[in-house]
Amino acid sequence: MLTATDRIAAVTDTLDLDAIAAAAELLAHAQHAVALAGAGMSKESGIPTFRGEGGLWTRLGEPPLNQYETFAADPRRWWERRLEEAQQPNEFAGALEAAEPNPGHVALAELEAMGVLGHLITQNIDDLHRRAGQRAITEIHGNRHWMRCTACGTRWPRDEITIDPQSLPPHCLESACGGIVKNDTVMFGEPIPFGALLTCERETDQADCFLTIGTSAVVYPAAQYPVDAVRRGVPLIEVNPEETPLSEIASVIVRAPSGEALPRIVAAVRARRAAAGRAP
Ligand code: APR
């Protein structure tokens with residue numbers, strides 16, 4: 001099987017090679033790089049972004065910001081509506097179902113295997129990082145294949161929870177709990193599981209290089225982590241075809257699609273480490 005870096009030759013030379021080299025130079029010396037990924041990572045897997053050019057919400061309008069409040073007010077009605085919606089064709093759900101990891105996902109997993117990327121914080125729920133081999137990962141907005149109890153936080157693979165339309169909402173499988181279960185993906189207004197927040201803060205505090213990839217950096221707390229890292233004097237690398245609020249604090253900006261830029265960056269890191277006699 002070709003790795004992402006083997007496919008380098010196939011990428012047309014439209015990339016800013018100086019930026020690629022500068023990013024690789026920073027990462028080649030990193031002991032614990034941390035990355036924040038957003039929807040742009042999965043654009044080349046066929047999943048639309050939310051904002052920016054051609055984004056789902058750019059076209060269809062943003063969803064209500066009180067989604068979780070609506071759920072909490074009437075979980076049964078919320079579940080009834082979800083089951084109805086699941087019967088309707090849906091662009092996003094269809095794209096999620098068909099998506100495969102792209103060379104950008106594979107490159108990030110390689111960067112972890114090389115011992116350069118210490119942790120990935122992803123806002124994406126599509127599971128593509130895990131399928132590409134990423135292990136040190138926090139899915140800060142959840143994962144589409146999991147369900148979660150809103151009371152005790154226990155999570156299960158989606159198919160382990162029986163959704164009985166005659167007995168909604170589903171309840172926690174932990175007998176002593178009895179909390180209400182929803183899909184693991186975080187809605188606007190929903191508290192992010194405390195353990196996920198602790199891990200993101202701890203990893204950001206340990207970072208000696210920070211990557212922000214394919215995110216508009218407008219949703220918190222995710223967008224705060226690169227800022228906190230820069231405040232500690234950590235260099236920030238931005239990989240995004242468009243400008244974001246983080247661009248002005250980035251040490252290196254790679255204005256390119258992540259599926260093209262990341263394999264190039266990883267190949268250059270591997271070359272630098274080999275030249276320095278370090279394990280590739
Ligand atoms: N490669 C890299 N970045 C890309 C690409 C690409 N091929 N194509 C687009 N982008 C960039 C866009 O320029 C934009 O900055 O990806 C970003 C996508 O931004 P958003 O759609 O806002 O996605 P994201 O930043 O992940 O949103 C954060 O908002 O609504 C919530 O839960 C949702 O997790 C999401 C969060």
Side-chain angles (χ1 to χ4, degrees), residues 11-12 14-15 35-71 77-105 108 120-132 139-146 158 182-190 192 211-224 226 238-248 250 253-262:
V11 174
T12 52
T14 58
L15 297 180
L36 170 68
M41 266 295 311
S42 299
K43 177 89 172 285
E44 289 147 278
S45 296
I47 301 175
T49 58
F50 299 103
R51 304 172 184 85
E53 191 185 330
L56 214 53
W57 295 340
T58 308
R59 290 180 281 121
L60 307 177
E62 298 244 351
L65 296 183
N66 65 341
Q67 290 174 319
Y68 190 66
E69 192 183 319
T70 304
F71 162 81
R77 182 67 197 113
W78 184 87
W79 266 105
E80 285 170 348
R81 269 202 298 271
R82 274 191 71 78
L83 296 182
E84 288 157 10
E85 286 162 6
Q87 303 306 315
Q88 309 300 323
N90 174 301
E91 176 191 350
F92 189 54
L96 285 169
E97 213 49 52
E100 296 292 334
N102 67 55
H105 295 104
L108 273 193
L120 169 65
I121 301 167
T122 187
Q123 300 169 93
N124 301 338
I125 62 161
D126 54 35
D127 203 44
L128 294 181
H129 291 294
R130 285 188 192 283
R131 287 175 56 194
E139 293 164 313
I140 191 170
H141 293 162
N143 183 306
R144 60 189 287 264
H145 295 304
W146 288 74
R158 190 172 55 185
K182 64 177 282 290
N183 58 308
D184 184 41
T185 52
V186 173
M187 294 187 259
F188 276 113
E190 179 175 0
I192 291 174
L211 278 149
T212 169
I213 309 161
T215 181
S216 57
V218 295
V219 172
Y220 289 79
Q224 187 60 36
E238 177 175 71
V239 179
N240 192 322
E242 294 174 22
E243 194 173 326
T244 77
L246 296 176
S247 301
E248 61 187 8
I253 294 177
V254 182
R255 275 284 169 262
S258 48
E260 290 187 27
L262 290 176

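By convention here, the first residue in the shown sequence is residue 1.
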Looking only at atom types and distance, does a side-chain atom of [X] sit under 3.5 Å from a main-chain N or O of [Y], one as donor and one as acceptor?
{"X": "T58", "Y": "G52", "result": "yes"}
{"X": "N240", "Y": "I213", "result": "no"}
{"X": "Q67", "Y": "M187", "result": "no"}
{"X": "N66", "Y": "E69", "result": "no"}
{"X": "R59", "Y": "G54", "result": "yes"}

Nearest non-hydrogen partners of [X] and [Y], listed with the distance:
{"X": "A99", "Y": "I47", "result": "CB-CD1, 3.6 Å"}
{"X": "A37", "Y": "L120", "result": "CB-CD1, 3.9 Å"}
{"X": "I192", "Y": "P221", "result": "CD1-CD, 3.6 Å"}
{"X": "P48", "Y": "A95", "result": "CD-CB, 3.9 Å"}
{"X": "T185", "Y": "K182", "result": "O-NZ, 2.8 Å"}
{"X": "H129", "Y": "L108", "result": "CE1-CD1, 4.2 Å"}

From [X] atom [atom1] to [Y] atom [atom2], the distance as rounded to the nearest 0.5 Å:
{"X": "T215", "Y": "M41", "atom1": "OG1", "atom2": "CE", "answer": "12.0 Å"}
{"X": "H141", "Y": "D184", "atom1": "NE2", "atom2": "CG", "answer": "11.5 Å"}
{"X": "L65", "Y": "T70", "atom1": "CG", "atom2": "OG1", "answer": "10.5 Å"}
{"X": "L128", "Y": "H105", "atom1": "CG", "atom2": "NE2", "answer": "4.5 Å"}

Next on the checklist: Between E242 and T49, is the side chain to side chain contact (heavy atoms under 4.5 Å, CB included) condition met? List the steps.
Outcome noted: CA-CA 13 Å; E242 294 174 22; T49 58; over 6 Å; no

Checklist entry - Under 30°, 30 to 60°, or over 60°: which ring-plane class applies to F50 and W57, parallel, tilted or perpendicular? => result tilted

Checklist entry - Under 4.0 Å between a Lys/Arg side-chain N and an Asp/Glu carboxylate O for R144 and E139? => result no

Next on the checklist: Under a 4.0 Å threshold between the charged nitrogen and the carboxylate oxygen, would E243 count as salt-bridged to R255?
Outcome noted: no

Next on the checklist: Just to verify, which of T122, N102, D126 counts as forming a side chain to side chain donor-acceptor pair (under 3.5 Å) with S42?
Outcome noted: D126

Checklist entry - Going through the checks in order, is the side chain to side chain contact (heavy atoms under 4.5 Å, CB included) test met by H145 and I125? => result CA-CA 8 Å; H145 295 304; I125 62 161; over 6 Å; no

List, one per line, each side-chain donor-acceptor pair under 3.5 Å for residues 78-87, sequence neighbours excluded.
{"from": "W79", "atom 1": "NE1", "to": "V181", "atom 2": "O", "distance (Å)": "3.0"}
{"from": "E80", "atom 1": "OE1", "to": "R77", "atom 2": "NH1", "distance (Å)": "3.1"}
{"from": "E80", "atom 1": "OE2", "to": "R76", "atom 2": "NH1", "distance (Å)": "2.4"}

Next on the checklist: Would N143 and D127 count as a side-chain hydrogen bond (donor to acceptor under 3.5 Å, both in side chains) here? Give the steps.
Outcome noted: CA-CA 6 Å; N143 183 306; D127 203 44; 2.8 Å; yes

Next on the checklist: According to salt bridge (Lys or Arg N to Asp or Glu O under 4.0 Å), who are the partners of E100, at least two apart in sequence or on a separate chain?
Outcome noted: R131

Item to check | F188: ring pair (Phe, Tyr, Trp, His ring centres under 6.0 Å) partners, not counting sequence neighbours | outcome: none

